[in-house]
Structures are given as C-alpha cells and as structure tokens.
Amino acid sequence: MNNPQRTRDNPPRTNNPRGTNNTQRTYSFIHSKSYLKPSSSDLPDFWNFHQKFIKIKQRQPPVTYPIKKNELGLPTTFHTQHTVPFVCISNKEEDDKQKSEEFHETLRHYVQFKTKQTFKKITKQIEYQKELPIYKFKEQIISTVNDNPITIIAGDTGCGKSTQVPQYFLERGYQSIACTQPRRIACVSLATRVSQETFNKYGQDIGYQVRFDQMLYSNTKLRFLTEGLLLRQLQNDTELYAYDLIILDEVHERHLHGDLLLGILKGVVERRPQIRVVLMSATMNLQLFKSYLPDAPLITVPGRMHPVEMRYCPTHESALDKPSSAKINPKPYLIILQLIDKRYSKEERGDLLIFASGFAEIMTIAEAVTEYDLEQGNWVVLPLHSTLSVSEQQKVFDYPPPGVRKCIISTNIAETSLTIDGVRFIIDSGKFKEMAFDPTKKLQRLQEFWVSKASAEQRKGRAGRTGPGVCFRLYSEEDFNAFADYPTPEVLRVPLDSLILQLASMGLNIRTFPFVQEPPAANLNESLSFLQQQGALRSENELSGIGEVLARLPVEVALGKLLLTAAVLGVLEPALTVAAGLNIQSLFNKSNCRGEELQIRSLLESGKGDLATLLNIYEEWSQKKSEGANTRKWCRRRGLKEQQLFEMSKLRRQFRQILRDHLNLAGPQETLDSEKVLEIRQAKWRKRLEEPARKMLKVSHGKNRASNGSEDEISDTEEDDISSMEYFLTNPQPNLDLSRHVRDTLNFVSVFGLYPNIAISDQHNAEKKPSDFVFHTQRKNFVVLHPNCIFNTNFKELYPSNNRAEQLLAYSTLLETNKPYLTSVTRIPGFTTALLICKEVSTNGDCTDIVCDMWLRFTLKLSAEDLVHKAVKIRQKWSAMVADVLSGKIDDPREFSKRQSRFQKTLSSFLRSDVTYTLRVVKSTELSGLVRYEHAVKLDENITLNSVQDTGSSEMEAFLKRAWTCKLCGTAGLFSLSEKSEHLAKCQDMEEEEDMKKIEQEEKKEETAVAMETASQTRKIPTREYLCEQCGEVFQFTNVEILRHIREHDSKPP
Amino acid sequence: MNDGGQEVRRDLVVCQICQINLPYDFYGKKAPYCPGVIYFDDTYLLRDPYSPEPRVVAVAGPCDLCSSIACLDCSVFYTKRFCGKCILENSDGFPSQIVVGIKDKLQQVMRHQAET
Ligand SMILES: [Zn+2]
Ligand SMILES: [Zn+2]
C-alpha cells in the first residue's frame, strides 16, 4: 500500500495535455538504453498505437486532482490511467518534463495494450492444448512413466502425442529429455512447435540435433534428434547417462535405427533402472510391441478424426503388371478433379492430396493437372517428394487464395511424416516405390508395390484431420482386402552392414540381439561375410582396427573405407568431396535442364568418370565462390543444384571432423570459427521462429505452378546468404592444381572404397553402338550404364584407340529400375588395380594367366612377374601405413606426409605400367579346379604364384628350375619359382633404394618450388577494391579478407 | 539468447478462480531483462513469448483484498489488483465499467467449472 510511485496517486509535475505537435524525431526518449530503442522491431507498432491513442486521449478529460476516494480507497471517478499497473521509466532525464510525461503515459498504455494482447494469445494456446485428445491422459501418462521404466503410448494422428508428451515431462522438471524422430525435418519443426507452445521461443530449454545442424545450449533440457544420432551417442555413452528420459517417437514406422534403439534401450533399462523410456506409436500393430515388451504398460489415446467418405474407383489397369518404365495414365486423376470441381462449390475450402508412387508419376500427374488448370484456373499444383529442399517442401503448408484449391501430389512422405492441414480430398493410387535389396546380387531395386492396409488407412485419414473428407481409391475393395496388413519393416529388407558394425562397436552380439523382428538369416550372413572380406570384422563380433573407425563414420562401409584410405594415403581433402558427392542426392537438375546447360556442363566432365566429374564441379564451384562470383547463376547455367553443393560442403566438414576425432592425423588447420557458426545457426533458428507458420501461396492464373523458378529464387536468397557465409567460414580455399599422382591416388582410393563393386566391359562392346554397351559384375551379368553416367557421352574413354589397357569400372550401386544400372562409375587400369585390391590373386607358373577373386581372368603374352612382385611390395607399404595411422604411431606428421607423397608416386607409376593383356570373366564351366594351392608359392596373404592350373602342370613348375635372367640386375641362371621370387624381392628393394635417392632430390626441388609458390600466392587470389563503410578506408582485399574485416567490426563495438 | 544472459527459471502459477496454469519466470515488481517496466505491486511476470524484443508481460497477481492469485482475465487493476470475486462482492465500491467487464468473464468461468 505504501508505494511512493508518483503516477499512482500524485499528479504529474506539469499538467498540460496539449502540445501535440510532437513528431517522431523529437522524441529523444528513444535511445540505445531505453525501453524502445531506435533498433526495436516493435517501434513502428508503437507509433501506430501512438497516433490512435492521442485521439482517444483528447476525448477523455484529464484526471482531476486531488483524486476523490471512496471507502475502499479507490478513485470515485473512473479513468483509464488508474487501470495500468506499472510505470515505464527511462534512464535519461528529459529537459522537457511535459513531453516526457506525455510520452511515458502513451508508452504505458501501449505496454498495457500489448500485455493484454499477449495474454489473450497465451490463454488461447493453453486452451488449444487442453482440447487435444491426449490432454485427458496427461496425469495418467506422467504417473505411469514415473512408476515404470518403459511405457508405451499409442495414439493416432491428431491426438497430439508428438508435441505434448515431451512438454509434459519438461513441465514436470525432467532435466534432460531426448525425443527421437525418424526424420530430420520433424526434429526441427517439432522443436519449433514445442518452443512456441511452451512460450519458450526465446529461451534455451528446447533444441534440436540433426545431421548437419543443431541448436543446443548448455542448459537445453529437451532435444529432438534423429534416431541415427542417438545411436551415435550410444557409442560413447552406452548407458545414456546424458539423459533421464528417452522418448522414441513413431516406433511403428519400424526404421532400422528405431528397431536398433528399441533393442539397445531394453538392455539399458535393465542395467540402469532409474532411466525412463517412452515409446510412442500409432495404434497399428500394437500386438507386436506388447509381446516384445510384456511388462510395459500401454496407454491408448484416441485420435481425433472426422468421418471420411470412401469411394473405390478402380482404374481397370492392373498397373503392377505393366513394365515399370511405362508412363502412368493421368486420366483417372483428372476425372476426379473434374468431379470435385463439379460437385463442390469453389467457396467451400478444402485441398486435394494425391498419393502417387514415385517421382516420375508425380511429374506426369503434375503436368496433366497444370494443363487442366489452364481452363479451370482454380488449382495450384504442388509436387512433394524427398528430393525437394526443405523450403520447397514448406510450400505445401502455405494457404491458397480464396477460390483456389491446392493439389498436392506426393509420395508416401505425406502419409505420416508431413501433416498438412486443410486437406479434404484424397486420391490414393494404392502404390508406392521402395528400394528393395537383393543380398545375393548386391543389387538395389526400385520397385513399385501395393501399399499395406495400414498405409491405405493412414492415407485415407489425412482427409479427416480438419473436417469431414472424401477418399478416392484407384483400386477396388477386393484389391484392398488382398493388401498386406502392415508395411515391411526395414530390418527385413535393407543391407545390415552398418547395423552390424554399430552393434559390434557397442560390444553387442548380433546373433543374440533382442530384435523386435529378426532379420532374415541370408541377409545377416551376407553382411557378416562382406564385412569380414572388407577387413572390418575379425570375427562375427570383433571389430578390426579399421572396423572401429568405420563403425563411427555415419556413412556406408564403402564410403568409410574410401575416407579412411584417403586419410592414410594423403588425399583426404579431395576424397572428402568425392565421399560427400556420393552421399547426396543428384547434383543435376532433372526437370530444368536443356541442351545448352548440358553442353556447358560437359566442360566440367572428366574422362575418369562420374566421381572425378563431381570433384571438378565442386572445385570449380568453390573457386567461383572464393572469387565472389554469382554462383547461383553459375549453377543454373549448368543445370546444377546449388543447394546440393552447399550440402556437400557441410558433409565435407562433418567427415573431416569425424576423421580428425578418430585418427591421429594432421590436416589443414581447422578454419572453423565456431562462435561465428553458432551465431549463424542462431540467426537461422530465430528466423524460423519469426516466420509465420503458413504463408499465402502466390498464384498467377492459368499457370498455377507454385514451384516456378524465378519466385523461388527470391525467397531462397536469404537462406543462401547464410549458407554462403557458413561455407566461407568452414571451408579451406579450394585446391585446383592436384598433381597427377594425387589424382591417380584419389582415383585408386575411390575404386578401392567401392570394391567389390566392380564391373568389366563385355568383350563384344567394341563392335557395338555405345547405347548397346553391356557390362558384367561379379554377381550379375549384362548391366548397363546409368543415364546420368558421363561415359554415355564419353564412351571413347572406355575404349581408347591408342591401345590403352583394359579398364575396370567401379560403381557405387547397382540400381535396378527398368534395367540394372551402374551408378557413379569410375574407370581405372584393370590389371594393376586388380593386383592391388583383389582379395585373392592367383597366377600360373610364369605369370601370364592371372585369376582374381575367381571371376576376373587376365591373359598376358609376357610374364607379369615383376609387376606381381611390385604389387606385393606396394600392398606391404600400404598396410604398414594403415597400421601406423590406426595405432596412432605417427609422431612426425611432416615425415609421414613425405611417406604419403612417395607412396602416391610409386602407386601412380605402378597403375600406369605399360602392360598388355586381355581381360574376361571366368566362365562358370572353367571354375572347378581352376585355382589350387598345393604347389603354390605364397607371396603374401592375397597373392600366390603357381596356383592357376592352366595348360602346364603346376606340380612340375613348383620344382622345376628354369633358365631366367633378372631384368633388374642382369643376373642369369637356373631358378626355381621360389628362388626367383626371393631374388626379385631383393632386387626390387635395391632398385627402390636407388629410386628413393632420386625422389629425395625431387622433393628438395619441390620444396623450394612450393616456398616460391606460397610467396607469390597472395597475388594469385583475386582481390578487389573494398570500401569499408564502417571505418571509411579503402582496401585491396580478397573476398575472404573482406568477410574477416567485417567480422572484426562486428566483434568490436564501434 | 544473447540478451539478458542469465538463465530464466520457468514455473507455473495457477489462477485460483479459473484454474488456468500459466507460465511465469519472475515474481516481483520488475524482470531483469526488461528494467524499463516497473509494476506497482508484486506480480507474476513472463518474458513476452511473441516478441523478439525482451518485453515483459504480467500473467497473474494477488488480490489486494483476499490475497488469492488471479490471472489477468479473472482480475482487474484499478489502482490495485482485485480478483473478480472481490469486485462482485464489493460492486458498490467499483466504477460500473469495471464491474460489468468482470461479471461476464466470471459467469463464463462458473459455467465452465459446473460442466466439468
Ligand atoms: Zn483466471
Ligand atoms: Zn479477492
């Protein structure tokens, strides 16, 4: 009661309400320390209020003093001034008291007005949350979880479990909650949603963590992260001590990582009973989880769904029979669009969601609907699939102008992962496409399947989220009844390589692992033997040194092997680019690429193949970026997706970081300015929070394609600026001048990484048109080049006229759509490469007939004995380097890098050896008895002499002494096979010592050259005149220097 | 984020009239992140979740007559904060503008509570 504040009871010191001639600039109350600052984002809002308030105020009589009070001590005359419970103060004393009073009076009412507005929003939000079906279960959920280590919450779409359950526990004081999601996009959007719903938008309690991106603080209490990331964390924190509650969301989707987490957490709970685990699932297939976790209580929450009218409209073409290359007929879709237009008034809102099976189908339907809309003018077409960028995907959430319906054409991505409000109509093709893995052929097949009953119901349900809806099924009720009950979980259909490695690295045995559903034994055995063959596993549960590193790399085994080998052999930087390129979706813009773009792009192609081309593109792009060129335009002119290049730069950084963490390697100095990157992330995050959830779609009539090039570009530029900034801060200057031996080593490393994914040309290709070329892999004959492969146009590189040796083709995947395709192909000299990478190399007695891995057969006119012996030496050196890196024995990085460079030179000249041979596939009829080891001379683990049983007798060869002259030292005499090998080994050692001396001399020359180069380097990077507006000086700067300069200003207050 | 610096502790306050649970981060006359606004009495304060600027809003406060906590909707400030119940009980002492406003709101609350 005893408040000395003047505004409550005492009159203002001056009492003159007029003097309204105040313009905005006269207010010196707005300064850098006041409530409203010149930079405040709400300043315009305030002035707006100010204008209106002045008018109202003039109508109201001023407070008369002294104030008369009644028995409650309240003023008897009502005045709005008495209804404001606070004062606004300014740090600066004003000369003009009257103006000051007046301004602060207005400000008080403004703040009061805003407070009421905000309070209304807060209560509305709280009401909304209370109305969600899950709210009724809040207390039950909390107490059940308190009392049980594992709880299952089952609820269908619309019950609110994903957004609400994590906040319930946050509210109850849990200090560290992890909530996993199968998809990256869901992590970010849930973190945004929950931050807003808990009124925590500007706090630090809630964060997210996905592959390239994270928004975490030291005091973050709830994080949304991908299933894969939590698995990675388990490798270092096997009992998950970092968390007190783990929520696994969408476990019914049965992704490989999710299944793995389930099994692991089951064990963690037994060892650490105080941890809490919540599994959240749709209501489908609950029996499976119940029998898997019989002790876990189950809480079932009803979904919120409006009735959906069902219409079966079979198309009379049983589409699964036709060849998958044939285009689909968009007619049935158009008929339904017409029906919607006829039957439902344009004033009634409601959008259409079409479930098509794949990208090609989406494009065909989109084209047809766009054409249909040319007459109608009331549809806006929005394709939706996983290859779109996040900002492109976000468009489906925007709302159309009145009278226009959205026609979203989607893959099964909209089935569960993306929830779009306002959908009233569904057209369900009943089909989806999925990569099916064939373990025996090591082949990925993109196949079209009928969906399961559960998926079909899920699709239907999407129409009933906001009101009653209609679902048109392009199949019959009988078809539906024949569908499988549930989709096939990943564990039953994908390669298990990385799963086995991850389990082994956590010390878990795959044979005894408590799977929800056991993977097929054939897949498991295939993966186990593959990993042993790759040297990643010593036994079924025991990782090798290489395997330990591979288990930690978040990439496939092939890519991991590539990166690891590149690090050992000193070509990591370019290999990071190759690996990143193999890990992203295609760089090439499929839909928007004409002949002109293709032609300009072809200048970047490399005769070595797709990987080297990828490297060229990335390097050229980086170069353009560091020159400050308009790379967006540069990419567009070449039909390239710049977003994917940015993605590559992020991946490179991530890979480099992981290798640095796990290997004892010296690399280029980390240029990452982590504080600055954090700031960039915060800027991004804040921007995301600022953005209204939905925007109005821009529609130009007659041509309602929302994804039209030019519009995107404007909206994406800000995102691009952030990406560019991030790029410059985290990437070293590109190195365009890789020497021949570095390029050869890189090429070799790529091939070695991809091995055993090797193909050879058919013997008859030379007589055929390039379009008819076929190739053979070890497990599948007659495969062809993927249409994106550069050898389609550069086929001459495969069969050069100057009698270049036969090449091996390494590929990243064998992908079967309408034909079996080799993707991401690289060529390399066949014979010398096979000697270095194949597991089993066998020769006949005089090294003219060589069989590798029981499928490649090289025939030579002259003996390859010196090459075979050299190969043994190179393999030895190579594995010694691997061992040194893995055991962390590299004390002197400079010395090691010399060793690497010497190795590269040896390797390069070995690969380029002048040798003539023919190469063919071993016929199955030849196989039996072809390779036998009784009389073989074993040179190392992989290479044996005299083990191929050709025309001669191997038994005789083993004991017979033949006349032989050593090419290296000229010694002539009678030698047995093993004597010859011994002699060759010694002679090659001596030869090498000679070579060493030469190399050392060369190195000295190079060093001086490098020193001169560095001295002149500053001149080589282009600079431009730069006028800094902040310090007013003119500099001659490179782009990077400009950024650095701006940063210096930013960090120092002016 | 960058402003304020100190960690803000979240808690919930319950309105004793409508039972709504409201988040707040300070109880007092002012919040450290927004020193320019000073309340006359102790109030439950929250950083405005919808403004990028460090703004403060009140969500609830104790009634000057009965000391029960009332949210912004269930109370009125008229030189002091009064809860809706006290205003209706002492309606003669309050200007009619205030009594009319709170009467509607309180009836709504009562009806809602009777339903559940
Ligand atoms: Zn209330
Ligand atoms: Zn009261």
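Predicted model, so just to flag it, every value in this text is computed and none were measured. First the proteins, then the strands, lettered A, B, ... as listed; each starts at 1. Below, all heavy atoms of this structure are taken into account, side chains as well, without hydrogens, waters or symmetry copies.
Contacts between A/L170 and chain B at a heavy-atom distance below 4.5 Å are absent for every atom of the residue. Proximity to chain B involves both the backbone and the side chain of A/I122, based on heavy atoms less than 4.5 angstrom apart. For B/D73, the parts lying near chain A are the backbone and the side chain together; criterion is any non-hydrogen pair under 4.5 Å. For chain B, the nearby part of A/Q125 is the side chain; its heavy atoms alone come within less than 4.5 Å. For chain A, no part of B/V76 is nearby; none of its heavy atoms comes within less than 4.5 Å. Heavy atoms closer than 4.5 Å to chain B are found in the backbone of A/T77, but not in its side chain.
With rounding to the nearest 0.5 angstrom, the CG atom of B/L12 is 5.0 Å from the CD atom of A/E171. Rounded to the nearest 0.5 Å, atoms CZ (A/F86) and CG (B/L45) are 10.5 Å apart. For the atom pair B/N90 CG and A/L74 CG, the distance stands at 9.5 Å (nearest 0.5 Å). Here the CD atom belonging to B/E53 is positioned 6.5 Å from the OG atom belonging to A/S39, to the nearest 0.5 angstrom. Taking OG1 from B/T79 and NE2 from A/H79, the interatomic distance works out to 14.0 Å, rounded to the nearest 0.5 Å. To the nearest 0.5 Å, the span separating OH on B/Y24 from CZ on A/F199 amounts to 15.5 Å.
Judged by distance alone, the side chain of A/E71 and the main-chain N or O of B/G93 form no donor-acceptor pair under 3.5 Å.
Residue B/C34 comes nearest to A/Y35 through the heavy atom pair SG-CE1, 3.4 Å, listed as atom of the first residue, atom of the second, then distance. Scanning both residues, B/F77 and A/V84, for their nearest heavy atoms gives CE2-O, 3.3 Å. Contact detail for A/F119 and B/V59: the closest heavy-atom pair is CE1-O, 3.4 Å. Looking at every heavy atom in both residues, B/N21 comes nearest to A/I126 through O-CD1, 3.4 Å. In plain terms, the two heavy atoms of A/V87 and B/F40 that are nearest each other are CG1-CE2, 3.7 Å.
B/K85 pairs by the salt bridge (Lys or Arg N to Asp or Glu O under 4.0 Å) definition with nothing, not counting sequence neighbours.
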side-chain contact (heavy atoms from CB on, under 4.5 Å) between A/I89 and B/V37, worked out: CA-CA 6 Å; A/I89 56 150; B/V37 173; over 6 Å; no
Evaluation steps, side-chain contact (heavy atoms from CB on, under 4.5 Å), between A/D42 and B/R55: CA-CA 10 Å; A/D42 44 2; B/R55 304 296 184 225; 2.7 Å; yes
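Heavy-atom pairs under 4.5 Å with chain B were tallied for A/T118, A/T123, A/T76, A/N70; the largest tally goes to A/T118.
Atom NZ of B/K105 has more than 12 heavy atoms from other residues, nucleotides or ligands within 6.0 Å. The environment of NZ in A/K116 is sparse: at most 12 heavy-atom neighbours from other residues, nucleotides or ligands sit within 6.0 Å. More than 12 heavy atoms of other residues, nucleotides or ligands lie within 6.0 Å of NZ in A/K130, so this atom counts as buried by the packing criterion.
Two residues are said to be in side-chain contact when any heavy atoms from C-beta on lie closer than 4.5 Å; A/P85 and B/R81 meet this criterion. Side-chain atoms of A/L72 and B/F94, non-hydrogen and from C-beta on, do get closer than 4.5 Å to each other.
Ring geometry for B/Y78 against A/F78 counts as parallel: the plane angle stays under 30°, on a 0 to 90° scale with 60° as the upper cut.
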